[in-house]
Amino acid sequence: MRYRLLETIHEYAAERAAAHPADRAAASHRHAAHFLALAEEAEPLLRGADQLRWIRRVETELDNRRAALLHTTRTASVGTGQRLALALGWFWWLRSYRSEGAEWTARVWETHSVEPPEGTPEYWRSMSLRMLHVFLVADGNAPESLRTPENVAASERIRRVFRAGGPESARFPGILWPMTSLLTGNTLDSRDFRDGLDESVENCRRHGGDWELGVSLMLRTHIGVDIAGGLSSVDADLAELHEIADRDGDRWTRSQVASAAGEVALSRGRYEWARSEYEECLRLAREVGAHMETPFVIARIAEAAFCSGDFAGAEQLLTEAAREAERHGGTPEISAYGGMLTALLALVQDDLARARTEWERARAAAANISGPPQLAAGLDNIDAVLTAREQGPWAGLAKLSPALATAVAAHCAERVLASLADSAAALLAAAGRTAEAVRVLAAATAWRAGHPRSVAEEAAVGGLPDETRAVLGADRYAAEAAAGAELTPPQVATLVTQATRTAPVTGS
């Protein structure tokens, strides 16, 4: 049972305490010391089998921890404030107090921003606090908005310090240093970024525990799924992640492993398996109270349902995802991603007006977040197909051509590139560019490496082989398809661009 003071009694007690400043300061110091000790005791236990009890305990004492943090900033108790903020860092992230955590880390840092001597415990606390602040403040913000000269310089410094390796780079928040690369202008496919992930994994093997190694492997797995050529490299990491999740008992780790497995299954066209993995991820995320993650996971289940042809189920799930997001304050990520899926649903149902409205909402939301290149590619694909329905195939190709070139330059995963190429093939065929349509469709099929199209994708291009064969004849069709199967994504992007330049000029 918890007891509370009436506000009037609280004010009276505060006035009486203010009359004895030395006693009040001593009590505040003891209070901060007590809750620092409790936070540092709880921090590693938030990631173990008994985590639910410790999460409840930390949350119950949250106001006391806020009071302790406030005391440290008012009295310039630098070490206590830094230690308390670092001990609360993972809790802030896990339980969706991210903006509050970013504010506290900034306030604690501003209390004493002079950097201690390099290599001292105070130095590593200071650098870890800066890493934690970057991690928390980057959530939900587009990297471009954070790329001020000051932030870029800070991110480069953090990256340089933690990249050197050692124990501090193999514990939270130091293990997140590779992600600072995205704030300094690197992209998911950049060699430096991927090298950083590999270095982090190896450093965690030498200096970290299971949980820390699991985080570094999860980062590498998610990036592998998202970039061209990465899918073939994820299986070993995923197998090791399953072993780690079974050992450490952390529900968040297990949920993230299920999410990664769902992504892999979705990329390989195994939609029922993906749905099962995402449902397990959702169950565990809810159990641990990761409220900011649950709407997105529900939307991923909706995507798996959509891909398998369960359009009604996908619609219900997207409605549930939107409600869940609203319940926890709303997130632009779910507005962008869920809106894109809703627009896709309307498109396959030939509700063009709704598809355009949902697309516009999703595009507006995506402009405010650090969305991955595949989100932009998906939105561009919908826009091009919608434009073709509204204005004809050449108008659609005029939008699809730069979208495909952009996705290729961003090294989007083959599944994403193949979906764009499928749309290009359908529009080329509709525009009377039959040979190019055959080549592009064959290339898209080859990039899928035997993995099936979704039900909606198959419906969009399933009739093209027979239609184009009837126009070209069997021999010409076979020759064009064989040539297309050898084309790389950059070559297809060039082909589509060149075909688009030959669009007929219409009168004004």
S.K.: Output the distance between atom NE2 (H207) and atom OG (S169), rounded to the nearest 0.5 Å.
M.R.: 8.5 Å
S.K.: Using the side-chain hydrogen bond (donor to acceptor under 3.5 Å, both in side chains) rule, collect all pairs that involve residues 31-40, keeping only residues at least two apart or in two chains.
M.R.: H31-N64, E40-R83
S.K.: Hey, does P373 have a side-chain heavy atom less than 4.5 Å from the side chain of T406?
M.R.: no
S.K.: Say you draw a straight line from CD1 of I298 to CG of L317; how long is it, rounded to the nearest 0.5 Å?
M.R.: 7.5 Å
S.K.: How about R74: does its CZ atom have over 12 heavy atoms from other parts shown lying under 6.0 Å from it?
M.R.: no
S.K.: Any chance the side chains of T294 and E324 put a donor and an acceptor closer than 3.5 Å?
M.R.: yes
S.K.: Keeping the roles fixed (side chain from E212, backbone from G209), state whether a donor-acceptor pair exists under 3.5 Å.
M.R.: yes
S.K.: Please name the residue in the list E156, E168, E199 that meets the salt bridge (Lys or Arg N to Asp or Glu O under 4.0 Å) test with R163.
M.R.: E199
S.K.: Indicate whether the side chain of Y97 and that of E59 have a donor and an acceptor atom separated by less than 3.5 Å.
M.R.: yes
S.K.: Who pairs with R98 by side-chain contact (heavy atoms from CB on, under 4.5 Å), at least two apart in sequence or on another chain?
M.R.: W93, L136, D139, M292, E293
S.K.: Under 3.5 Å, side-chain donor or acceptor atoms of residues 5-27 against the rest of the protein: list the pairs with distances, not counting sequence neighbours.
M.R.:
residue, atom, partner, partner atom, Å
Y12, OH, R16, NH1, 2.8

S.K.: Could you grab the distance from atom CE of M131 to atom CZ of R159, nearest 0.5 Å is fine?
M.R.: 10.5 Å
S.K.: Under the salt bridge (charged side-chain N to carboxylate O under 4.0 Å, His left out) rule, what do E43 and R171 come out as? Steps first, then yes or no, please.
M.R.: CA-CA 12 Å; E43 200 275 340; R171 61 171 62 107; over 6 Å; no
S.K.: Taking atom CZ as the centre, does R270 end up with more than 12 heavy-atom neighbours from other residues, nucleotides or ligands that are less than 6.0 angstrom away?
M.R.: no
S.K.: Under 4.0 Å between a Lys/Arg side-chain N and an Asp/Glu carboxylate O for E287 and R283?
M.R.: yes
S.K.: Is the ring pair W90/W211 parallel, tilted or perpendicular, if the boundaries are 30 and 60 degrees?
M.R.: perpendicular
S.K.: I'd like to know whether the aromatic ring centres of W124 and F162 sit less than 6.0 Å apart in this structure.
M.R.: yes
